[in-house]
Every structure is written in C-alpha cells, then in structure tokens.
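Have a look at the structure below, then the notes.
Just so you know, ligand 1 is whichever comes first in the structure, and atom 1 is the first atom listed for that ligand. FYI, the numbering just counts along the sequence from 1. Because the structure is predicted, anything quoted here is derived from the model rather than measured.
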Amino acid sequence: MGSASTTKTSRTQEILRRAGESLVGGVNSPVRAFKSVGLEPLIVDYGKGARLWDADGREYIDFIGSWGTLILGHAHPAITAAIQEQAARGTSFGATTELEVELAERIKRAIPSIEKLRFVSSGTEATMSAIRLARAFTKRDFVLKFEGCYHGHADSFLSEAGSGLATLGIASSPGVPQALAALTLNAPYNNLTAVKKIFAAHPNKIAAVIVEPVAANMGVVLPAPGFLSGLREITERAGSLLIFDEVITGFRLCYGGAQTLQDITPDLTTLGKIIGGGLPVAAYGGRAEIMNHVAPLGAVYQAGTLSGNPLAMRAGIEALKILEAPDFYSDLNARAEKLTRELRAIISASGVAAHLNSTGSLATLFFTSQAVGNYADAKKSDTQRYAAFFCEMFERGILLAPSQFEALFLSAAHSDVDLDLTLSAVKESLEGLAAVRT
Ligand code: KE4
C-alpha cells in the first residue's frame, strides 16, 4: 500500500497535469490540494469499504471518508443497490416525491428538535439558509460564530474560520463586503465570558449564535462542561436563536445529533454529509414556528433545483436504515475507543509532543504538548510536524486528513486488520519523527 508516486509518467501525473489545466489548483475543494502537507493532490480511482485506490493502483486505508460522510465506508452494497434501483426510476424531477418525505420523517424521529426541515444540496446551503432565516425571524443582523469553527463558505462565515481557511492560513476571505463581514462576530470556542461580553456590547442585535456542538474544523475540540448549556441560556435570555451546525456531528456520534447526547435543544439544526449516504444532501430544520417563515409559507426565500432529489434521498434513507440498527453506534464507538486508547499509549511511548482529542469516531492528533481547547491552542500545533507525520503515514498506505485542522473519521468498514495496520504505521511514523529533530 501507499508509497507516493515516483514514476513521472504515472497515470496520476497525467491526470494531475490535466486537472491543473482545467480545475483551480487541480481540485474542486481547497483542502484536497494537499498543499499544507507538501504533496500533490491524490487522484482516486475507486473506493471499497475502508480502502481507496489511487490512479496508479496504490491502496490506502482511508480515514477521510469524504470528510465524515462515509460512516459506512465506500460503495456500501446496500446503498449502491438502492442508488442503482432509484437511478432506473429517475434521478430528479423538480417535484416532491415520497422519498424526501420519508427521509425527513426519519430525521425528525431521530432529532425531535427538528419539527420541520428543508433539504438542500450542501452544508453551506444549509447554514447560509439557517442564518438568513434567523435574521428574518429575529429582525436582527449580527451573527456570532466561534474562532476555528467552519460552517461552509457563505460570506457570513468566512472570518476566523477553520477547515480549509485554517489549513491555508486565510484569516478572512477577500470578496466579502466589509459591511457584511462586520455583522459576523467571533468568540473563542469554550469561552462563555467572551460570549457574554459580545452580547452586552450588542444588545438586541444578535440574530443567532451558530456553533459546532463538537468542533471538528480546528481539529476535534470538545465543548467544555457547561459551554453549550451556557450558550442556550444566553441566547434564550437575549432573544437570539441557537443554531447547532451538525453537518459533521449529525448521525456521527449517535443515531441523532450531538444535541441528543448533550440534552440541549437548539432552535435550528443544520445537517449534511452522513444523511446523504454519500450523495449531496444537507438540511436545515427546527421549530415549525421558525421554519414556517421560509417560502412558500413565509417570505424568507431559499430554493434549489436538486434539493431533495430522489436519487440522493434514496441513498440517505438506506444509510439511516443501516445506522438505526440497535448496536451500530455502540459497536463503532467501542472500536473507536479501543483505537484512541491504543493511539494514546503509542504517542506517550514515542516521546513526541502530541495530543489526541477524540469523541466517538472523531479524533485529531495535534502536534503540541499542550491541551487543545480552542482555536488559539490548536494554532500552536506544529503544522510542519503534522505534515511530516501525514507523509510518513501516507507512505505506509494510511490516508489521514491532509491538514492539522481536520479530523480523522473512523467508519464501520474499518476492520481489525485496518486498525492494527494503522497502529503499527503510527508507531513507526512517530519513531521516524522522534529520530528527526525539527
Ligand atoms: P459543505 O458546503 O462543504 O457541504 O459543508 C460545509 C460545512 C458546514 N458545517 C460544517 C460543520 C462542516 O464541517 C462543513 C464542511 N466540512 C469540510 C470538512 N471539514 C468540508 C471539506 C471541504 O471543504 O472540502
């Protein structure tokens, strides 16, 4: 497995050359460019289970899993069959089908805070629409987000954001009008004092607080005890909406949202990734009193040609059917617990300054000796060491996120053999790093 390409005329090189001519940076999403780890983008040929094969037949154990989407692994047979069957019946009608009603009903049963929802085709569409709705419902303009959290690339979110912006060191994106950027307020994650100060400075002006209930776009950072309940209290008192961006955590940690485990009821929730079974599906939803302000019932306009398309709905339904199995999450989370326990033992024995943050099947290995509780902590990580670690693992056929500020996603498809190979590769890679002083 692995061993980055050396033959210059490989199929990968030929596709990379063409990709560079037609796609910006050879990719359709910046974090895929592998820039921060000093490699050329991976060109994938196909995936099966927990494995990916690149254009030159090199095999990898995949911990990106389409950025958390593939909790069931690549090309799950039941999902593939469902897609094939639906494709023969039509992929998109631009009209309602029972399939979108069925998927919505499944999501509502799993996440009771969602009384009504609207399907869209990307997490960005979901969060962008949720913010527009919150501004309309509260008649307020400011939104509060958290440094290092990432909510997609809509204008209101591109300041102090995580994921690809953190990876590329972009503090705020050009092209966002200053007048709009000024309406986005940022606070450090896990810092309620800062949140209270911002609310005091903007009385009756903040439409919503949007938060990842478990942050995964600055790397994985857990909410401190009381942080999320504190946000609930502050927003309730201020007449602002609380939006849980569960695009990553939705159906990742349990059959529901992180809100299910944290017993907190947000006003709106955004979902994506897992609910589409590998096809482009996202959603925003919440109290009917709020959602009924969206067109055609209300005046808040949001639309989408492929929203709720039957092909993607069918894939999502099939995925949630499998995830609903009684022991799915207890099994996955037990395997994840075993993996992270053994990873911590290897890290400790290696003597390398590294910290593993994890919850359920989400984890990030930060190359820092300190605990990581917010974006400022995360940015103290040695990103060069992370890049060196990434390359060592990549050489050994283990594909991690090509960024210190992303997560490792364990799926139900990762076998004991995959995990044993991964642990051996981590041990060897860290030993390699320990031998090299950077
Ligand atoms: P998309 O527009 O990329 O479907 O979703 C945006 C989004 C919204 N909210 C959260 C919490 C998210 O994590 C994301 C997207 N996640 C990143 C990975 N960290 C997508 C990967 C990429 O940008 O290519």
> Counting N and O atoms only, with roles assigned by atom type, does the side chain of D45 sit under 3.5 Å from a partner on the main chain of G57, one being a donor and the other an acceptor?
Replying inline: no
>> A side-chain contact here means heavy atoms from C-beta on lying under 4.5 Å apart; do L158 and H153 qualify?
In response: yes
> Between H293 (side chain) and I290 (backbone), is there a donor-acceptor pair under 3.5 Å?
Replying inline: no
> What residue and atom, counting heavy atoms only, is the protein's closest point to atom 8 (C) of ligand 1, and at what distance?
Replying inline: H151 C, 3.5 Å
> So, do F146 and N190 sit near enough that their side-chain heavy atoms are less than 4.5 Å apart?
Replying inline: no
> Where is the nearest protein heavy atom to atom 12 (C) of ligand 1: which residue, which atom, and how far?
Replying inline: N217 ND2, 3.7 Å
>> Out of all atoms in ligand 1, which are within 4.0 Å of some heavy atom of I248? Include the element for each.
In response: 13 (O)
> Going by atom types alone, do R132 and Q302 pair a side-chain donor with an acceptor below 3.5 Å?
Replying inline: no
> Can you list the ligand 1 atoms lying under 4.0 Å from a non-hydrogen atom of V31?
Replying inline: 22 (C), 24 (O)
>> Quick check on K338: does its NZ atom have over 12 non-hydrogen neighbours (other residues, nucleotides or ligands) under 6.0 Å away?
In response: no
> In ligand 1, which numbered atoms sit nearer than 4.0 Å to a non-hydrogen atom of E406?
Replying inline: 18 (C), 19 (N)
> Where is the nearest protein heavy atom to atom 2 (O) of ligand 1: which residue, which atom, and how far?
Replying inline: T124 OG1, 2.7 Å
>> Which residue and atom name correspond to the protein heavy atom nearest atom 9 (N) of ligand 1, and how close is it?
In response: D245 OD2, 2.7 Å
>> List ligand 1 atoms under 4.0 Å from G152, heavy atoms only on the residue side.
In response: 6 (C), 7 (C), 8 (C)
> Does any non-hydrogen side-chain atom of T422 lie less than 4.5 Å from one of F63?
Replying inline: yes
>> I'd like to check which ligand 1 atoms, numbered from 1 as shown, lie under 4.0 Å from a non-hydrogen atom of S122.
In response: 2 (O), 4 (O)
>> Using a 3.5 Å cut-off on N or O atoms only, is S29 in polar contact with ligand 1?
In response: yes
> Taking the six-membered ring for Trp, are F390 and F394 parallel (under 30°), tilted (30 to 60°) or perpendicular (over 60°)?
Replying inline: parallel
>> For atom 20 (C) of ligand 1, what is the closest protein heavy atom, and at what distance to 0.1 Å?
In response: K273 NZ, 3.6 Å
>> I'd like to know if the side chain of R140 pairs up with that of S240 as donor and acceptor (distance under 3.5 Å, no hydrogens or angles considered).
In response: yes
>> Once you measure the plane-to-plane angle for Y46 and W53, does it fall in the parallel (<30°), tilted (30-60°) or perpendicular (>60°) bin?
In response: parallel
> Quick one: nearest non-hydrogen protein atom to atom 21 (C) of ligand 1, plus distance?
Replying inline: W67 CG, 3.8 Å
> Should one rank F409, Y150, F157 by closest heavy-atom distance to atom 11 (C) of ligand 1, which comes out on top?
Replying inline: Y150
> Identify the closest protein heavy atom to atom 4 (O) of ligand 1: which residue and atom is it, and at what distance?
Replying inline: G123 N, 3.0 Å
>> Please determine whether any non-hydrogen atom of S163 lies less than 4.0 Å from an atom of ligand 1.
In response: yes
> Just heavy atoms, cut-off under 4.0 Å: does V247 contact ligand 1 by side chain, backbone, both, or neither?
Replying inline: side chain
